[in-house]
Amino acid sequence: MLTTKKTFQTKFLSTLLILALVSTMILAPTALAAGFGGSSITTAVADSGARNFTPTEAANDTEIQAMTDNSSVLNESDIIYMILTDRFYDADPTNNGTLNQEYRPGQLKYTQGGDWKGITQKLDYIKNLGVTAIWISPPSQNELLSRDGEESGYHGYFTHDYNSADPHFGTKQDLIDLVSAAHSKGLKVILDVVPNHTADYFNGASSTYSSASYQPAAPFNNPDWYHHYGDITDWNNEYQVLNYDLGGLDDLNQDNADARQAIKDAYKNWITLTGADGIRVDAARSMPKNFLQEFESYVGVPSFGEIFVGDVDYVSAFSNYEWGVLDFPLFFQAREVFAHDASFTTVKAIFDQDYKYANVNHLITFIDNHDRDRFLCLADDNYQKLRLALTFIFTVRGIPDVYYGTEQNCYGGGVPTEWAGIANKENREVMPSFSEDGITYKYIQRLTELRKTYSCLQTGVQREMWSEDNIYAYSRRDDTTGQEVIVLFNNGTSNETRQIPIRAESSLTIGTTLTNLLDTSVTAQITSGSVTGKMLNITLPAKTAYVFTSGTVAEYTPMERTVTTIRVHYDVGLGNTMYLRGDEYPLKWDLGRSMLNVSSDCWVYETERIPAGETFEFKPLINNETWSSGLNFTGTGGTTIDIYPTFSCNNGGWRSLYCPPAIFVERSVL
């Protein structure tokens, strides 16, 4: 098992820095000749305005040693913030590329300009959020465009030269500076790595390159280093998963000794050069498990793999070969629970299999990412649902991972797209703001504070306390110190009272007062009763999470919500539903939002996105088809709006006959 701390010793640093320099110079002559992509450390430093240095000087220079040294690596205490480098912040417009070629501002399939200097400039924003590690895009130079020209390599997964920096992100020195600056602020850096494939240079199953100019940089331009079977067509066929191409991207053969060594050396050099603290392994499912184990050991920092599968048996097998894995099984089920109000029984079924993992505290938990729709896109833009989902991943076992922009309420265009495969456009929007005053930013700040304060949320044993469709409760307890946090969720739409037994393993006693860490004005007392002799008799408000602990707790009041509530008073009849459309997102004229039925003649919709005092227009529809009569209604953000619409149509009534959808014309619906 990898240690959780490491220090680069001078005698090893000397050898490894020289190896990095030599391999860069030998393995990428084309890139060096072209001067493209920060092709050597010396060139990179010169490009960034820093002084030049030789390999010998680098090995003996305390400044360089300090830049590339780190005192700790990724561990169970961390909180990850995932960044798509190109979409975060553009601090250096000179490296954006060629306008209308790969660089096309506003077109999300192409480069938008974010770079390493941009991340460096925003480290205080990241630090203030409370996360402890940033996961950034793959650093290697990418092919400018996909084979069909419909996408640039902005994301880092179209590798052209493993040993050179992508010039759109900056120079190698820029990356060194980023890692060094992050370390100085107590932030760790995780590099995304892509040892499974390069860009799409072979046409289908071809084993020859189409031209001398369109192929990866040496030494990875050797056709013998690749499989040549074409694309994966059956994801249930493990031979295809391991040996065929992923979406056209050329599949490296890790069983080829030369290819295996070259890919290990490339990423070993990146870690040595920068002092990064961990790696995320892209497409880990598509590589031999023994290679993953060897790769992690060789690179020398903890790794966690992407195994894009919802089956615990399948994913857990990889936890024996890497330090950690992304928890896709929990992600798929938890997202359904919190975004779509599914039953907690599916989440329980995932937790019941935790024993299958090598270490559940090394699972990386998340609610969305760069390949999935934004959570708010799927959750009807409901901020309270988002808060519940975030509370969940910050309090269950594993390491929470927040996708950039979640704290700014990014919604990925508002229309789900992953049904067509992966989501890889609107959910990768340019970071819209760096405000630290928003309600979701403040909420995540509180969650990060709690996870740092209560170590039982990092490594404590998780024990289930209650499970039903809409109610779920569990304890996180450090069985050595007795520190314990109890988490309760009501994911339903009505208040519920339950008598929840305190676990027999708990040292909490009858009469103990528990305080909700998310709002310290809420307390509960442990009383006698239930199967263990002690319990919580508690009323849980609708769509609410409580995070309870004992002892003295500093006062905390959550930020006040700005809620716009629309109540439509109308009896639609059995089997029918009310929807809303409007001119201010999350309302749109071409997309209906379903409303919550709270009584026979009242339907409710709430949103926190519309600013207080801002006016907007809207209109209700029955079954998202039949518009209310008359002109649009007008509302004001931050208020409660009650309306009493009428519905009619030319053929005598919507209840008995089909009423065709009305036509929206100049802010009115006829």
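This structure is a prediction, so every number in the text was calculated from the model and none was measured.
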Would you call K385-D341 a salt bridge at under 4.0 Å N-O? yes
Let's go through D401 and R280 carefully: what are the C-alpha distance in whole Å and the side-chain angles of both, what is the deciding distance for salt bridge (Lys or Arg N to Asp or Glu O under 4.0 Å) to 0.1 Å, and is it a yes or a no? CA-CA 12 Å; D401 167 31; R280 175 265 190 184; over 6 Å; no
When every non-hydrogen atom of A358 is compared with those of S319, the smallest separation belongs to N-OG, 3.0 Å
Measure the CG-CZ distance between L596 and R567 for me, rounded to the nearest 0.5 Å. 12.5 Å
Answer yes if the side chains of N624 and R581 hold a donor-acceptor pair under 3.5 Å, and no otherwise. yes
Quickly, which of R335, K425, R374 forms a salt bridge (charged side-chain N to carboxylate O under 4.0 Å, His left out) with E418? Name it, please. R335
Going through the checks in order, is the side-chain hydrogen bond (donor to acceptor under 3.5 Å, both in side chains) test met by T345 and S343? CA-CA 5 Å; T345 57; S343 171; 2.9 Å; yes
Atom OG1 of T539 and atom CG of N495: how far apart are they, to the nearest 0.5 Å? 7.5 Å
Only pairs at least two apart or in different chains count here, so list each ring-ring contact (aromatic ring centres under 6.0 Å, His included) that has a residue in residues 393-419. Y411-Y585
For the residue pair S506 and E484, what are the closest heavy atoms and their distance? OG-OE1, 2.6 Å
Can you name the one residue among I566, V572, L580 that meets side chain to side chain contact (heavy atoms under 4.5 Å, CB included) with P620? L580
Parallel, tilted or perpendicular: ring planes of F328 versus F308, cut at 30 and 60 degrees: parallel
Testing L536, I526, T549 for side chain to side chain contact (heavy atoms under 4.5 Å, CB included) with L508, which one passes? I526
Is a donor from one side chain sitting under 3.5 angstrom from an acceptor on the other, for T365 and R397? no
Please name the residue in the list T493, N382, N491 that meets the side-chain hydrogen bond (donor to acceptor under 3.5 Å, both in side chains) test with K543. N491
Show, in sequence, the C-alpha distance, side-chain angles and deciding distance for W235 and Q240, and conclude whether the side chain to side chain contact (heavy atoms under 4.5 Å, CB included) test is met. CA-CA 7 Å; W235 284 95; Q240 286 196 24; over 6 Å; no
In sequence, state the C-alpha distance, the side-chain angles, and the governing distance for T440 and N409, and then conclude on side-chain hydrogen bond (donor to acceptor under 3.5 Å, both in side chains). CA-CA 7 Å; T440 305; N409 303 310; 2.5 Å; yes
Please report the interatomic distance CZ(R609) to CD1(I439), rounded to the nearest 0.5 Å. 12.5 Å
Hey, could you give me the CG/OG1 distance between L518 and T557, rounded to the nearest 0.5 Å? 12.0 Å
Can you check ring pair (Phe, Tyr, Trp, His ring centres under 6.0 Å) on Y441 and Y125, steps first, answer last? CA-CA 10 Å; Y441 187 96; Y125 166 88; 5.2 Å; yes
Apply side-chain hydrogen bond (donor to acceptor under 3.5 Å, both in side chains) to the pair Y443 and T391, showing each step before the final yes or no. CA-CA 9 Å; Y443 193 79; T391 303; 2.6 Å; yes
Q525/T512 under side-chain hydrogen bond (donor to acceptor under 3.5 Å, both in side chains): CA gap, chis, key distance, verdict: CA-CA 6 Å; Q525 191 172 65; T512 299; over 6 Å; no
Ring centre gap for F434 and F88 strictly below 6.0 Å: yes
Which residue pairs satisfy the ring-ring contact (aromatic ring centres under 6.0 Å, His included) criterion with at least one member in residues 503-538, sequence neighbours excluded? none
Quick one: are the ring centres of F489 and Y546 less than 6.0 Å apart? no
Crowded around K452 NZ? As in, over 12 foreign heavy atoms under 6.0 Å? yes
Could you note down all residue pairs passing ring-ring contact (aromatic ring centres under 6.0 Å, His included) where residues 458-485 supplies at least one of them, sequence neighbours left out? F344-Y472, Y472-Y474
How about W323 and L74: do any of their side-chain heavy atoms sit closer than 4.5 Å? yes
Gap separating the OG atom of S137 from the CE atom of M82, nearest 0.5 angstrom: 6.5 Å
Run the side chain to side chain donor-acceptor pair (under 3.5 Å) test against R451 and tell me which residues pass, sequence neighbours left out. none
Only counting residues at least two apart or in another chain, list the ones meeting salt bridge (charged side-chain N to carboxylate O under 4.0 Å, His left out) with D313. K356
Taking the six-membered ring of F331 (Phe, Tyr or Trp), confirm whether the NZ or CZ of R372 is under 6.0 Å from its centre and within 45° of its axis. no
For E436, give me all partners under salt bridge (charged side-chain N to carboxylate O under 4.0 Å, His left out), at least two apart in sequence or on another chain. none
Which heavy atom of I279 sits nearest a heavy atom of V299, and at what distance? CD1-CG1, 4.2 Å
